[in-house]
Amino acid sequence: MTFLSPRTLDEALEILDHRSDETVVIAGGTDVMIQHARSERPAQRMLHIEKLDDLRGVVCNGSARIGALTSHRTVAEHAELNEIFPSIATAAATVGGWQTQIAGTIGGNICNASPAADLAAPLLVHGAKLRLVSQNGERWIDLNDFFLGRRKTQRLPSELLAEIKLDLPPPRSRDVYLKVGRRSGMEVAIVGLALRLTLAEDLDTITDAHCAVCSVAPRPLRLDSIRAALIGASASKPPMPDLTAILLSSVSPIDDIRGSAGYRTAVLPRLLQRALGHCANGNSDRQGASS
Ligand SMILES: Cc1cc2nc3c(=O)[nH]c(=O)nc-3n(C[C@H](O)[C@H](O)[C@H](O)COP(=O)(O)OP(=O)(O)OC[C@H]3O[C@@H](n4cnc5c(N)ncnc54)[C@H](O)[C@@H]3O)c2cc1C
C-alpha cells in the first residue's frame, strides 16, 4: 500500500485527482484504520490529510466555520461553540473517550456517514453547509443532502471536505443534544436526538423548530415533520401524543449489538420530551449522555 502525506491542500487535491477511486482519505484514522483492519476498506493508496493545517480550526464571525480537520476535543472545549451551539459542543464531548476525541475529526465523523455519527444530528438542526474542494474548484452542499445512506454520501472520490459552515441561530433559540448509550463514555449512540427551538417573546410559543436523530435509520435524519408539528405549539406543553406518532412513523430502527429496535422505539419519544423540557426551561443538557 502507498501512504501519502502531503503538506499542502493543492498537493493533496492533485494526488486525489489521480486514481481517486483507489485512494482512501485518512484524517484521524479512528474509523478508517478499524475498517482497514477488518478488510472492509482495502486500500491501494492512503491519502493522509492530517498535515493540512488550512483545514483545521474554528472561526466565529457573523457565522461559524469549522475546519474539517478540527478535532472533537477542540470542538468540545471551544468557548464560542459552547456558547452559540451547545448541542454541537456537547455532541463532540460524547464521542468515544479523550483519545478518540483528540485524534478524531469533525470532518471524518461526517464523511464516514455512520447512522450513529454523533455530530450529524446537532449539525443538521443548525442547517450545516459543507464546502467540498477538488482540483475542479469547490461546491457547497447542505448536510441534509450529503447523507445518502449508511456510509454513503454525495462526496465524489476526487473531493475533500474542507469546512462546515453554520449560520448563527436566531434570537431566543435554544438547542440540546441528548445521547443514550450503555455508559457515559467510549460508547456509540444507541439513540441520539438534537433539538433546536426558537421561541416567541413570551418564551413559550415555538416560532421555529429543528429536530434530528441518529442511530434510528440507515442515515442521520432531519425530521421536518416534527418541525411542522412544533411550530406554533407551546414549548412547556407540547403535543406529545401527536409528536410521538410523527416521530415513530419517521424512523426505522433496527436490532443491533447495542440495542433492540423495541428499545429504540420506546426511548426516542422520551428523549424528545426531555429535549423539549430542556429547551423550554432554557438549559441545555451538558451531560450529553445518559444511560
Ligand atoms: C474507540 C472509539 C470510539 C468511538 N466512539 C464514537 C462515538 O461515540 N460517536 C461517534 O460518532 N463516533 C465514534 N467513533 C468513530 C470515530 O471516532 C468518529 O467518526 C471520528 O469523528 C472519525 O474521524 P477521523 O478523523 O478519525 O476519520 P477517519 O477515520 O480518518 O475517516 C473517516 C471517513 O471519513 C473520510 N474522511 C475523513 N476526513 C475527510 C475529509 N476532510 N474529506 C473527505 N473525506 C474525509 C475518510 O476517507 C473515511 O471514509 C469511535 C471510534 C473509536 C475508535
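Atoms within each ligand, like the ligands themselves, are counted from 1 in listed order. Since the model is a prediction, treat every value here as computed from it, not as a measurement. One-based numbering along the sequence shown.
Taking any N or O of K179, backbone or side chain, at least one lies under 3.5 Å from an N or O belonging to ligand 1. In terms of N/O distances under 3.5 Å, ligand 1 is approached by V32. At a 3.5 angstrom cut-off on N or O pairs, L161 counts as close to ligand 1. On a distance-only criterion, E159 and ligand 1 share no N/O pair closer than 3.5 Å. Annotation: G107 places no N or O atom under 3.5 Å from an N or O atom of ligand 1; distance criterion only. At a 3.5 angstrom cut-off on N or O pairs, A117 does not count as close to ligand 1.
Considering G29, A92, S71 only, the shortest heavy-atom separation from atom 28 (P) of ligand 1 involves G29. With distances taken over non-hydrogen atoms, the option nearest atom 17 (O) of ligand 1 out of T30, D31, I26 is T30. Comparing P115, P220, C111 by heavy-atom distance to atom 45 (C) of ligand 1, the nearest is C111. Taking each of V95, L47, I49 in turn, the one with a heavy atom nearest to atom 13 (C) of ligand 1 proves to be V95. With L160, T105, T70, I106 as candidates, the residue nearest to atom 25 (O) of ligand 1 on a non-hydrogen basis is T105. The residue among T100, N112, L69 with a heavy atom at the shortest distance from atom 52 (C) of ligand 1 is T100.
Neither the backbone nor the side chain of I110 has any atom closer than 4.0 Å to an atom of ligand 1 (non-hydrogen atoms only). At a 4.0 Å heavy-atom cut-off, ligand 1 touches A116 through the backbone alone. Neither the backbone nor the side chain of H36 has a heavy atom within less than 4.0 Å of ligand 1. Contact annotation for A27 and ligand 1: heavy atoms of both the backbone and the side chain come within less than 4.0 Å of the ligand. Residue contacts with ligand 1 for M33 are absent, since no atom lies close enough (heavy atoms, distance under 4.0 Å). Counting heavy atoms closer than 4.0 Å to ligand 1, residue R151 contributes nothing at all.
Between R227 and D208, at least one side-chain N (NZ, or NE/NH1/NH2) sits under 4.0 Å from a carboxylate O, which counts as a salt bridge. Using a 4.0 Å cut-off between a side-chain N of Lys or Arg and a carboxylate O of Asp or Glu, R7 and E11 do not qualify as a salt bridge. Taking a cutoff of 4.0 Å between a charged side-chain nitrogen and a carboxylate oxygen, E40 and R151 qualify as a salt bridge. Using a cutoff of 4.0 Å between basic side-chain nitrogens and carboxylate oxygens, D17 and R19 are not scored as salt-bridged. The pair E22-R45 fails the salt-bridge criterion, with no side-chain N (NZ, NE, NH1 or NH2) lying under 4.0 Å from an Asp/Glu carboxylate O.
For the atom pair NZ of K179 and OG1 of T90, the computed distance is 11.5 Å after rounding to the nearest 0.5 Å. Rounding to the nearest 0.5 Å places CG of D118 at 11.5 Å from OG of S87. Rounding to the nearest 0.5 Å gives a distance of 6.5 Å between CG of L123 and CD1 of I66. Taking CD1 of I84 as the reference point, atom OG of S173 lies at 12.0 Å (rounded to 0.5 Å). Atoms OG and CD1, on S5 and I49 in that order, are 10.0 Å from each other to the nearest 0.5 Å. To the nearest 0.5 Å, the span separating CG on L160 from CG on L132 amounts to 9.0 Å.
Just one residue in the list R196, H126, H278 forms a side-chain hydrogen bond (donor to acceptor under 3.5 Å, both in side chains) with D175, and that residue is H126.
Close contacts between ligand 1 and T94 involve ligand atoms 8 (O) [criterion: under 4.0 Å to a heavy atom]. Near I34, meaning under 4.0 Å from one of its heavy atoms, ligand 1 places the atoms 53 (C). Within the listing of ligand 1, atoms 20 (C), 21 (O) sit less than 4.0 angstrom from a heavy atom of H72. Each of the atoms 24 (P), 25 (O), 26 (O), 30 (O) of ligand 1 lies under 4.0 Å from some heavy atom of G28. In summary, the atoms of ligand 1 found under 4.0 Å from a heavy atom of A68, numbered by their order in the structure, are 41 (N).
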Intermediate values then yes/no, side-chain hydrogen bond (donor to acceptor under 3.5 Å, both in side chains), R222 and H210: CA-CA 8 Å; R222 192 182 71 192; H210 296 277; 5.5 Å; no

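Taking a 4.0 Å cut-off on heavy atoms, Q35 fails to register as neighbouring ligand 1.
Ring geometry for F3 against H48 counts as tilted: the plane angle lies between 30° and 60°, on a 0 to 90° scale.
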